[in-house]
Amino acid sequence: MGFTIGGSRGIKETRPGSWRRGRSARITRTSEVTAVAEYTGLWGWDVAPGARALNGECSCGSSSCTAPGAHPLGFAPEVPAGATLDEVTKAWSQCPGAAVLLPVGRTFDVLDVAAPAGRRALVRLERMGLPLGPVSTTPTGRTHFYVAPGASAELPGLLYRMGWDDAVLDLRCPPRGSYVPAPPSGEVRWLCPPSLDTATRPPQARLLLGTLAYICHRSAA
């Protein structure tokens, strides 16, 4: 049964569950603002309000979108590294519900592999005691290993020197200028959350690449 709020004038009926939905939306917005403030203030990352992926389609509405849920909103400026909580709150209030996107090629690059291979590689890398940066998993079935910037340009040469240049690998490195989604966008989750050390000084790609390439090759076989 619904209930009313207010006085005898302007009485408004509130549907059952509407308070819960409103509270849930506020919590979501609060978590987004808190996460963005952490990314900008603690980790020194720029953040872009972005489109969301909805059932495999982009919320931008373009049927020809080449980056569903992974491109900035055209009308919303980036929130720069160093932005305060108040600045983030003001910026995000202009685009509530936007995805949290991080630009690639500035403070980090990303080694992008299929999620099953990524999880197996993560276990192996941890057992080997190799340095790890932040690692995330996305609802599109990918795992992102954050590495030092410059990996995109170095990747072909690194694979060649390691003997993986002729192998068919589901392993790529998004180019500078592209974006990756970050929690709490959709179902994006941290497998290895960022820290003061890993966010500002992620490992060189060459330290992880051999293991990632091997696991991707085994997965394809």
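Just so it is clear, the structure is predicted and the values come from calculations on it, not from any experiment.
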Would you call Cys192 and Glu126 a side-chain contact if the rule is heavy atoms closer than 4.5 Å?
-> yes
Please report the closest heavy-atom contact between Pro203 and Gly133, naming both atoms and the distance.
-> CD-N, 3.4 Å
So, for Pro183 and Ala35, which heavy atoms are closest and what is the spacing to 0.1 Å?
-> O-CB, 4.0 Å
Hey, any chance Val110 and Leu102 share a hydrophobic cluster, counting ILVMFWY side chains that come within less than 4.5 Å of each other, even indirectly?
-> yes
Mind listing the closest non-hydrogen atom pair of Ala199 and Pro202 along with its distance?
-> O-CD, 3.9 Å
To the nearest 0.5 Å, atom OG1 of Thr137 lies from atom NE2 of His144 at 8.5 Å
Less than 4.5 Å apart, any side-chain heavy atom of Pro131 and any of Leu207?
-> yes
Contacts satisfying ring pair (Phe, Tyr, Trp, His ring centres under 6.0 Å) that involve residues 100-136 (not counting sequence neighbours) are Trp45-Phe108, Phe108-Tyr146
Establish whether Val123 and Leu125 are linked, either directly or via other cluster members, by ILVMFWY side-chain heavy-atom contacts under 4.5 Å.
-> no
Apply the test side-chain contact (heavy atoms from CB on, under 4.5 Å) to residues Leu171 and Leu155: give CA-CA distance (whole Å), side-chain angles for both, the deciding distance (0.1 Å), then the verdict.
-> CA-CA 10 Å; Leu171 187 160; Leu155 187 61; 4.2 Å; yes
Ala51 backbone acceptor or donor facing Ser59 side chain under 3.5 Å = no
Quick one: pull up CZ in Arg119 and CG in Leu191 and give me the separation to the nearest 0.5 Å.
-> 5.0 Å
In the hydrophobic clustering (ILVMFWY, side-chain contacts below 4.5 Å, transitive), which residues join Phe75, or is it alone?
-> Leu73
Residues forming a side-chain contact (heavy atoms from CB on, under 4.5 Å) with Glu154, sequence neighbours excluded = Leu158
Salt bridge (Lys or Arg N to Asp or Glu O under 4.0 Å) contacts in which one or both residues fall within residues 72-89, not counting sequence neighbours = Glu78-Arg106
Hydrophobic cluster membership, Val100 vs Val33, 4.5 Å side-chain cutoff | yes
Under a 4.5 Å side-chain heavy-atom rule over Ile, Leu, Val, Met, Phe, Trp and Tyr, are Val188 and Val36 clustered together?
-> no
Do the non-hydrogen side-chain atoms of Val79 and Trp92 ever get within less than 4.5 Å of each other?
-> yes
From CA spacing to verdict: side-chain contact (heavy atoms from CB on, under 4.5 Å), Glu38, Trp43 | CA-CA 7 Å; Glu38 185 176 275; Trp43 314 143; 3.5 Å; yes
Would a distance-only check, ignoring hydrogens and angles, find a side-chain to backbone donor-acceptor pair under 3.5 Å from Ser185 to Ala99?
-> no
Output every pair passing side chain to side chain donor-acceptor pair (under 3.5 Å) with a member in residues 192-218, not counting sequence neighbours, ordered by first then second residue.
-> Ser195-Thr198, Asp197-Arg201, Tyr214-Arg218
Only counting residues at least two apart or in another chain, list the ones meeting salt bridge (charged side-chain N to carboxylate O under 4.0 Å, His left out) with Arg142.
-> Asp112, Asp170
Is Leu196 linked to Tyr39 within one hydrophobic cluster, defined over Ile, Leu, Val, Met, Phe, Trp and Tyr using a side-chain heavy-atom separation of less than 4.5 Å?
-> yes
Should we say atom CD of Glu57 is surrounded by more than 12 heavy atoms from elsewhere, each under 6.0 Å from it?
-> no
State, to 0.1 Å, how close Ala91 and Cys95 come at their nearest heavy-atom pair, and which atoms those are.
-> O-SG, 3.7 Å
Among Thr143, Leu169, Leu122, side chain to side chain contact (heavy atoms under 4.5 Å, CB included) partner for Val113 = Thr143
Which atom names give the shortest non-hydrogen contact between Val47 and Pro49, and what distance separates them?
-> O-CD, 4.0 Å
Ala148 and Asp109 have their tightest heavy-atom pair at O-CB, 3.7 Å
What distance separates Arg52 CZ from Leu101 CG, expressed to the nearest 0.5 Å?
-> 9.5 Å
